[in-house]
Amino acid sequence: MEAISRRFFLYLSNNKVLDRLAKRWGSRFGADKIIGGENFSQAIPLITQLNQDGFRVTVDHLGEFVNSVEVAREHAQECIQRIRAIGYHQLNTEISVKLTSLGLDISNDLVMEHMELILSAAKESGITVTIDMEDSSRCHAILEIFKTLRRKYENLGTVIQSYLFRSEKDMDDLQQFSPYLRLVKGAYKESGKVAFLDKQMVDENLKHLIKKNLLNGHYTAVASHDDAMIDYTIKLVEEHKIPNDRFEFQMLYGMRNQLQSDLMEKGYTVRIYLPYGEDWYGYFMRRLAERPANVAFALKGIFSK
Ligand SMILES: Cc1cc2nc3c(=O)[nH]c(=O)nc-3n(C[C@H](O)[C@H](O)[C@H](O)COP(=O)(O)OP(=O)(O)OC[C@H]3O[C@@H](n4cnc5c(N)ncnc54)[C@H](O)[C@@H]3O)c2cc1C
């Protein structure tokens, strides 16, 4: 049942008609519980509050799979304005970007031009940028762009997904950069030709990658809401006396709020991934795929308005 509903919501996440309707209906699906507003100005008070409560943040402007040069340029401009606003309001937040929103599917030159602008603005303001990982067909291109840019910019991290067979080798290839890596299970619909379809294997591989990256001495962001992954990490760092400033936990805004606070109160760094923007449909559907229980608050959202 769980596997069927995951496939169903991942299928819906690619539906262009529903995407257009969702934009028109705004946050009627209950999306406002998991996104920080429709523009960055609306997200600023939320980030300020999260910072005051002791959390770090990474903020993501929603949007992906862009096919128009103009839209990709708008996304790049939006990123740069966001970086300036973060500096101006002295927010403790990094930014996350999706390369398909910046022109990855249009041309390599375009996405590189945008990333150079974003990274130099971020460097000036002392802000780290994480390149989110997207579906497996784009993984190689994203990692190649990461490597090229990482030679020039230290304020750059990326993501490794434990469901992909290729991930351990990718992590090994990135060792030379001592990279800031966010380790996740993976959120897209993938085939058994490239990814583990068995959840237990995805979980075991995530533990393996967490252990390898931490024991290699690289800063590690464990991005999961799963108690098993968090408990595993805590046990591992205690056993190997890895100090708290060598890793952090990351969770999505609106997911497992009590666990976020508990970890923070125990002295661990917790970073909240806060998405905002009008293009929330694909993100929202992937979250429903991960946790059908979220359907309850989505339905409540629709019928209570
Ligand atoms: C900060 C962050 C950044 C991410 N960036 C990317 C990225 O760049 N690319 C990408 O492909 N994916 C990304 N992801 C998504 C990730 O790949 C997973 O799809 C997602 O995190 C679900 O996996 P999980 O480890 O959280 O737990 P799951 O495997 O979904 O769930 C395991 C168990 O955890 C518990 N649980 C999970 N969610 C909840 C909840 N909301 N409430 C209560 N219990 C819950 C339940 O007991 C559940 O059975 C990111 C995730 C996070 C947290």
Side-chain angles (χ1 to χ4, degrees), residues 56-60 79 83 86 92-99 102 104 111-112 114-134 138-186 205-224 229-230 232-251 263 267-273:
R56 297 183 193 177
V57 176
T58 183
V59 70
D60 167 53
C79 268
I83 287 164
I86 290 169
N92 187 345
T93 180
E94 300 180 348
I95 70 165
S96 289
V97 293
K98 285 195 174 49
L99 294 190
L102 297 169
L104 180 71
V111 74
M112 286 300 278
H114 290 158
M115 281 305 286
E116 287 270 0
L117 292 170
I118 291 166
L119 282 165
S120 50
K123 189 175 167 187
E124 249 174 58
S125 303
I127 293 170
T128 298
V129 178
T130 297
I131 300 178
D132 283 353
M133 189 49 70
E134 303 185 54
R138 293 162 173 104
C139 181
H140 181 74
I142 291 173
L143 290 177
E144 287 309 302
I145 290 172
F146 170 81
K147 287 180 204 163
T148 308
L149 290 167
R150 182 61 181 75
R151 291 192 178 97
K152 199 164 156 195
Y153 297 97
E154 281 194 0
N155 56 329
L156 183 64
T158 192
V159 179
I160 295 282
Q161 299 154 319
S162 72
Y163 63 10
L164 292 187
F165 300 148
R166 56 176 290 160
S167 288
E168 180 166 12
K169 171 146 191 336
D170 287 336
M171 207 166 89
D172 290 345
D173 288 348
L174 295 179
Q175 294 288 315
Q176 52 178 310
F177 301 103
S178 303
Y180 167 32
L181 287 185
R182 176 197 300 156
L183 305 181
V184 301
K185 292 185 188 177
N205 198 34
L206 182 57
K207 289 183 189 166
H208 175 66
L209 296 174
I210 292 170
K211 183 171 185 179
K212 188 163 181 174
N213 208 49
L214 276 170
L215 296 190
N216 279 338
H218 302 310
Y219 191 88
T220 305
V222 176
S224 173
M229 300 304 127
I230 291 158
Y232 174 81
T233 307
I234 292 176
K235 210 162 152 249
L236 184 79
V237 296
E238 282 173 359
E239 194 179 318
H240 294 274
K241 303 198 169 27
I242 297 170
N244 284 3
D245 63 1
R246 297 306 302 149
F247 68 97
E248 66 185 45
F249 292 109
Q250 295 190 352
M251 290 187 215
L263 288 169
Y268 299 114
T269 301
V270 180
R271 187 178 303 279
I272 308 298
Y273 184 107

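At a cut-off of 3.5 Å, with distance as the only test, a side-chain donor of Tyr180 or Glu248 sits close to an acceptor on the other residue. Thr220 and Asn213 are linked by a side-chain donor-acceptor pair at a separation below 3.5 angstrom, with hydrogens and angles left out of the test. Between the side chains of Ser96 and Thr58, at least one donor N or O sits under 3.5 Å from an acceptor N or O. Side-chain N/O atoms of Asp60 and Tyr273 include a donor and acceptor closer than 3.5 Å.
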Is there a side chain to side chain contact (heavy atoms under 4.5 Å, CB included) between Val129 and Leu119 once you walk through the steps?
CA-CA 7 Å; Val129 178; Leu119 282 165; 3.8 Å; yes
Step by step, work out the salt bridge (charged side-chain N to carboxylate O under 4.0 Å, His left out) result for Glu134 and Lys98.
CA-CA 7 Å; Glu134 303 185 54; Lys98 285 195 174 49; over 6 Å; no
Quick one: do Thr93 and Ile127 satisfy side chain to side chain contact (heavy atoms under 4.5 Å, CB included)? Show the steps, please.
CA-CA 8 Å; Thr93 180; Ile127 293 170; over 6 Å; no
Between Leu209 and Met171, is a side chain to side chain contact (heavy atoms under 4.5 Å, CB included) present by the stated rule, with each step listed?
CA-CA 8 Å; Leu209 296 174; Met171 207 166 89; 3.9 Å; yes
Trace of the side chain to side chain contact (heavy atoms under 4.5 Å, CB included) decision for Phe177 with Arg150
CA-CA 7 Å; Phe177 301 103; Arg150 182 61 181 75; 3.7 Å; yes
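Put simply, the side chain of Gln176 gets close to the backbone of Asp173: a donor and an acceptor are under 3.5 Å apart.
Of all heavy-atom pairs between Leu181 and Leu174, the closest is CD2-CD1, 3.9 Å. Counting all heavy atoms, side chain and backbone alike, Pro179 lies closest to His218 at O-CB, 4.1 Å. Contact record, Ile95 with Cys79: CD1-SG, 4.5 Å, taken as the closest heavy-atom pair.
Tyr268 and Phe247 have tilted rings, their planes meeting at an angle from 30° to 60° on a 0 to 90° scale.
At a threshold of 4.0 Å, the pair Lys235-Glu238 does not count as salt-bridged, since none of the basic side-chain nitrogens sits closer than that to a carboxylate oxygen. Contact check on Glu94 versus Arg271 returns a salt bridge, with a Lys/Arg side-chain nitrogen under 4.0 Å from an Asp/Glu carboxylate oxygen.
Remark: Asp170 CG to Asp172 CG distance equals 9.0 Å, nearest 0.5 Å. Atoms OG and CG, on Ser224 and Leu206 in that order, are 6.5 Å from each other to the nearest 0.5 Å.
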